[in-house]
Amino acid sequence: MREWFADGSASQRVKQFSLEAAGLYLDYAKNRITPQTMALLMQLADEAGVPKRRDAMFAGDHINATEDRAVLHIALRAGPDASFKVDGKTVMPAIHDVLERMRVFSERVRSGDWTGATGKRITDVINIGIGGSDLGPRMVCRALSHLAGNGPRMHFVSNVDGTELAETLDRLDPEQTLVIVCSKTFTTLETMANACSARQWFLDRGVAKDQLASHFAAVSTNVEAVRAFGINPAHMFEFWDWIGGRFSLWSSVGLSIALAVGFDAFAELLAGGRAMDEHFTSAPLERNMPVVLGMIGIWYRNFFGMPTSCMAPYSTSLELFPAFLQQLEMESNGKSVQLDGRHVRAHTAPVVWGSAGTNGQHAYFQLIHQGSQIVPVDFVAPLRPPRVLPGHHAKLLANCFAQAEALMRGRTAEELRASGLSDEIRIAHMVFEGNRPSNTLLVEDVTPHTLGALIALYEHRTFVQGVVWNINSFDQWGVELGKILAKPIECELTGDANAAASGQEPAQDASTSALIARARAALGNA
Ligand code: F6P
């Protein structure tokens, strides 16, 4: 790469390997690619059927074959004239109906018109959910917190470790707290345990059972379970099984977003996602941002065998984006079986990791610069920060750009010697081999619109890669077994031996049994 950038046509390279779409600017010039590489990768995308499967997704086909479902999160952010259908039936009226209910509810809470049972304003909202019912809205609320105005404070509780809920509740006044129980299935162990404990917290602090309705709302596809839990279906915001959990923040799962930053901002987030959808469906493959990013990822994963990829947002506002991306990519494409049931013959999703810059520079960037494995990096940076302190943003951007430059260019022994160094051992340690790839994505500022486009970009990138690997990016069977095995173990830990014995699964292995025995002793159930 260093040589490519040294030659007179480098500006042509930048022109050729950069793209703008939906308010995002992507520079992918610092990759190990030539025009021929990109042409061949585009040919691969085409031959793998990316345009065909993209069109099938937008047509509402059941592309989630193992669950026999359509995949239509794109309908949630579609324009007023869209006509998405599932099994021949239009879904747009239902979507608009729920959106309207979200608007009314969020405006009532934010204005103080919706109060707790004692007539006090809602000052705090807890979203109880996990995975897709947590990571997306949590990330967006964090990113847009500068737009919160005088809306309620948002809290997110996901872990079944009671510490998270207990510490959150410690800070809150039940009279002014609203809980959103957010779960596609409304059966998820962590969410239901936290929801039950939150309900008990209200009861223990003097909120009567018949007053709970003012303090609970539900987001789910499962009306029966919501009713059984005791939440008034009038306070339930529906979504549908053709929306995957990790793609659901555009649905009523985004209720916490509308509460935190207002419905208009939520609508702008949808508009940003829509702008990326329009780009994805209309741009030719070689100028199509999700396709280009997806195929560059394939290039490193499958042709170079790079096992991980790093997401480095240079923005505290976007600090939760790597965690969101982890679920998006690793739950979607962490698969080993093709659509036809045969084993995949190539590696699928890399391990995705990262955190906000510049913090990462003082932690793990050492490995990215000089480690024995090459880690492709995606840098994401807003040109204008939500909060301005004199001098800070130039320092932030300078560091972001410098990291990408250092990774590409490296530092040679000759350069070190020319700078006066002569200790060859030291020089060996100080050489950066360079030639390390990265993409840089710039957004004007952290607005709902650009954030929506950014999220949709990575959703479609994930989709593109799943198509090339010929896997189903929309199921997640790999999370099942651990859940099944946890049930009898929980019974043993709590001393419910009969229930444990009636479990379907065989007794545990010796290692697990020893762990259970130690935990039982600590819990006083030995
Ligand atoms: O266990 C994984 C998972 O099913 C995710 O795919 C999902 O986002 C999460 O659990 C939460 O599920 P639910 O919204 O049904 O509670």
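Fair warning: this is a prediction, and the values are worked out from it, not measured in the lab. Numbering of ligands and ligand atoms starts at 1, following listing order. Basis for what follows: all heavy atoms, side chains included, without hydrogens, waters or symmetry-related copies.
Near G132, meaning under 4.0 Å from any of its heavy atoms, are these atoms of ligand 1: 7 (C), 8 (O).
Under a 4.0 Å heavy-atom criterion, E190 is not in contact with ligand 1.
Using modelled atom types, no side-chain atom of N472 and backbone atom of L339 make a donor-acceptor pair closer than 3.5 Å.
Proximity of V479 to ligand 1, defined as any heavy-atom pair under 4.0 Å, is confined to the side chain (atoms from C-beta onward).
Not a single N or O atom of T191, backbone or side chain, sits closer than 3.5 Å to an N or O atom of ligand 1. Residue G245 has no N or O atom closer than 3.5 Å to an N or O atom of ligand 1.
Within the set E480, E331, M192, the minimum heavy-atom distance to atom 5 (C) of ligand 1 is found for E331. Proximity annotation for atom 16 (O) of ligand 1: of T188, L189, D475, T188 comes nearest, heavy atoms only.
Between the side chains of Q508 and E492, at least one donor N or O sits under 3.5 Å from an acceptor N or O. One side chain, T447 or T450, offers a donor N or O that lies under 3.5 Å from an acceptor on the other.
Looking at E459, E278, E268 one by one, the single match for salt bridge (Lys or Arg N to Asp or Glu O under 4.0 Å) with R77 turns out to be E459.
Taking the six-membered ring for Trp and thresholds of 30 and 60 degrees, Y458 and F321 have ring planes more than 60 degrees apart, a perpendicular arrangement. By the 30° and 60° cut-offs, the orientation of the rings of F474 relative to F247 is tilted. Taking the six-membered ring for Trp and thresholds of 30 and 60 degrees, H235 and W114 have ring planes more than 60 degrees apart, a perpendicular arrangement.
Closest to atom 15 (O) of ligand 1 among all protein heavy atoms lies T185 OG1, 2.6 Å. Closest to atom 11 (C) of ligand 1 among all protein heavy atoms lies I130 O, 3.2 Å. For atom 10 (O) of ligand 1, the closest non-hydrogen atom on the protein side is K483 NZ, 4.4 Å.
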